[in-house]
Student: 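Pasting a structure below so you can have a look.
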Number of protein chains: 2
Amino acid sequence: MRPPGIKDVAAQSGVSIKTVSRVVNGEASVHPETRSRVLEAIDRLGYVPNTAARSLKSGTGGAIGVLIDSLADPFFASLVSAIEARALKEGLSVLVASTGLDEGRERDQLTGFIAGHQVAGVIIAPVAAELPYLEAFRNVTPVVAVDRPLAAFDSVVVDDYAATQLAIRQFVELGHTRIAFYDRDERFLTIRRRYQGYTDVLAEAGIDLDPSLVSWTIDGSLDYAAETERLLGLEDPPTAFFASNAKAAIGLTTSLHRIGREGTAHIAFGDFTLADVLRPAVSCINQDPFVIGTAAIERLLELRESPADEPREWVVPTSLVSRGSGEIPGPAQRHTVDARTASTTSMVGGPAA
Amino acid sequence: MRPPGIKDVAAQSGVSIKTVSRVVNGEASVHPETRSRVLEAIDRLGYVPNTAARSLKSGTGGAIGVLIDSLADPFFASLVSAIEARALKEGLSVLVASTGLDEGRERDQLTGFIAGHQVAGVIIAPVAAELPYLEAFRNVTPVVAVDRPLAAFDSVVVDDYAATQLAIRQFVELGHTRIAFYDRDERFLTIRRRYQGYTDVLAEAGIDLDPSLVSWTIDGSLDYAAETERLLGLEDPPTAFFASNAKAAIGLTTSLHRIGREGTAHIAFGDFTLADVLRPAVSCINQDPFVIGTAAIERLLELRESPADEPREWVVPTSLVSRGSGEIPGPAQRHTVDARTASTTSMVGGPAA
DNA sequence: ATGAAAGCGCTAACAT
DNA sequence: ATGTTAGCGCTTTCAT
């Protein structure tokens, strides 16, 4: 039994299918009386427009595609949640898929979205830095990148460089000179930008960069427990940790607690559940997935109206949430406090530790 | 510029569109040579079948619909993640939407999925206990419920009753008689089943049920901080807490830590990130969203082949993960230990506290 | 093993 | 303000 179609509604209300179509799409020129008769029939029959037919005809469907690393990552889950909430208001559905950080899969899912499902737009956390095959669809399907920039397309990102500088400067001002960069992953421009912020602050403070204090993700994996032990087992171990992403931060925090070294200073790039309940509470750079997701779909909706002028990066502000773990002093606390603050990043106090 | 269609491929490879269709759908009777010629053309043109056209014709599309409470809830995010992973293998896309626990929205999204997008199947965490309007589509679109049962449809759930009994019995055996049931929410059968497990164990142990130890979610909200304070401020306060769901558990844990009462015994229904890092580490009943999600889509795929016989409940096993918070003794520890264990639930040790 | 033709439910273009 | 017609890209008969 197929669901009722536009023809059934037309028959029920004694008008042509075109009039039904007009009512459904909210077009102006329909007699109020006719309209209400049609609406009544729609209601009685439980008619729902078939999106397949609609998008076959119009070339673009009633869904937007969202392509992210993984839904199991709370950051992306919240991001999609924000997008879905906004899409609902717009009457759009959300197709989700994950890349698993694989460029081939990214490509398959993307073409599936665009050529297969004819999505009305795409929001993507890109794995590759550029997606040349999207050029062909530039004027058909708007694309907005999130979390990481994407060459030739709009993107919604945070100021990774400035935010990281703020965190590392705080360590330096507290007298830390042995600062670990936890989870360097060269695959991502964002992480590269964060790493740049780290090295630049060290340089500006006259601290030598010690490669043994940098933890690398190689081949997509890093054993957090082992790495924490390695670092703390060094002859001249780090007194402060900078975790470059939330997943790493959870791994770092967990391993510090397991070996009873949670008193070592640490700041996380990205907030996470219960960060404020741990002792010490974990200081973090807060990048709000709801704000980022909302900004992305907002921009996507704009792009549907007026095709892109010049692609640009939309920078969402972050804040350094001081909860305790990032305010633990180093062995040689300075007495001169540097008052510079980073451009797009503000200091915000959290619950006291 | 529209993407290439089946006609373009047919022209390129010098065959009819029907032959291309055969190749794309992996039908048997195509000459190997013809097939490779077609595949080559597909590759060269970057042809991707238009799912709108396909589903318009065939009546069922290339996506499954997943409808859950909220993607911001880590349990459901992981659930969807598991579903998406399996769907990918099947060549199916995932349409995701949330109900926000609203029955009207549930209905809209569901009809949008089925009549609108013609999904190949639906996985739903139902808000309403029954969805009579789904009857009309019984033979068109398979439906599997998750987390909560749904009248007249298959569902994948856990044994809420037995698992809760196991936790409450542990409290009783440790000498607790003042046990709080944290977050009673009558809207959900699952929570009602958990509550039943709680009251039954109390009754069997001869402990009077004290209504002031039961925290209610009214109108969908419960102020965890205030509720924790109320309970601990009682004349005869609880010495043990049972949190009926993960969200409540996080709220409970957070508020206990904030007021320095984390030493009060507590067990959570549902695991959460960092539960094992807190001190005391939080004991929980572990219901694995990956297992539940995978079971649900597996069943959905079965249903596509062979329409339902009798709807049934698929019970996924849970385990009680002892990490410390649930093993804190009560004021009058018994010396007789009751060895009964619940049917579908097993005891599993976690990292020592 | 391959093809021709009809038509899925809708919208757009063009009447009236 | 309303109706008629064509056709979106594919799958499904039914032929050959």
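None of the values given here were measured: they were computed from a predicted structure. Protein chains get the first letters and strands the later ones, always in sequence-line order, with residue 1 at the start of each.
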Student: To the nearest 10 degrees, what angle separates the axes at the start and end of the helix from dA1(C)-dT16(D) to dT16(C)-dA1(D), five pairs each?
Tutor: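 Axis angle across the helix from dA1(C)-dT16(D) to dT16(C)-dA1(D), nearest 10°: 30°.
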Student: Please determine whether a side-chain nitrogen of the Lys or Arg among D69(B) and R148(B) lies less than 4.0 Å from a carboxylate oxygen of the Asp or Glu.
Tutor: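 Result for this pair is yes, salt bridge flagged.
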Student: Give every residue pair that meets the side-chain hydrogen bond (donor to acceptor under 3.5 Å, both in side chains) criterion with at least one member in residues 288-298 of chain A, sequence neighbours excluded.
Tutor: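 Residue pairs with at least one partner in residues 288-298 of chain A: R86(A)-E298(A).
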Student: L71(B) versus V80(B): any side-chain heavy-atom pair under 4.5 Å?
Tutor: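 L71(B) reaches V80(B) side chain to side chain.
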Student: Determine, for nucleotides 8-16 of chain D in 5'-to-3' order, which nucleotides have protein heavy atoms under 4.0 Å from the base (write B), from only the sugar-phosphate (write S), or from neither (write -).
Tutor: BBSBB----
Student: Could you list where the contact with chain A starts and ends along DNA chain C, reading 5' to 3', using a 4.0 Å heavy-atom cut-off?
Tutor: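 First and last nucleotides in contact are dC8(C) to dA13(C).
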Student: Identify whether any heavy atom of S55(A) sits under 4.0 Å from a base atom; if not, whether one sits that close to sugar-phosphate; answer base, sugar-phosphate or nothing.
Tutor: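 If one applies the 4.0 Å heavy-atom cut-off, S55(A) turns out to touch nothing in the nucleic acid.
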Student: Which residue pairs pass the salt bridge (charged side-chain N to carboxylate O under 4.0 Å, His left out) test when at least one of the two sits in residues 44-65 of chain B, sequence neighbours left out?
Tutor: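 Listed once each, the pairs are E40(B)-R44(B).
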Student: Does a side-chain heavy-atom distance below 4.5 Å link V144(B) with V156(B)?
Tutor: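 In short, these two side chains touch, coming nearer than 4.5 Å.
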Student: Counting only N and O atoms by type, is there a donor-acceptor contact under 3.5 Å from the side chain of T111(A) to the main-chain atoms of D108(A)?
Tutor: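 Judged by distance alone, yes, a pair lies under 3.5 Å.
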Student: Taking all atoms of both residues into account, what is the closest heavy-atom pair of A125(A) and E106(A), and its distance?
Tutor: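 Distance-wise, the nearest heavy atoms are O-OE2, 4.3 Å.
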Student: side-chain contact (heavy atoms from CB on, under 4.5 Å) with Q109(B): which residues, sequence neighbours excluded?
Tutor: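 Partners of Q109(B) under the side-chain contact (heavy atoms from CB on, under 4.5 Å) test: E84(A), L88(A), L67(B), A97(B), R105(B).
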Student: Under the salt bridge (Lys or Arg N to Asp or Glu O under 4.0 Å) test against D154(B), which residue among R299(B), R312(B), R138(B) passes?
Tutor: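 Only match with D154(B) under salt bridge (Lys or Arg N to Asp or Glu O under 4.0 Å): R299(B).
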Student: Given L95(B), which partner from the list V96(A), L95(A), V94(A) fulfils the side-chain contact (heavy atoms from CB on, under 4.5 Å) test?
Tutor: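 Of V96(A), L95(A), V94(A), side-chain contact (heavy atoms from CB on, under 4.5 Å) with L95(B) is met by L95(A) alone.
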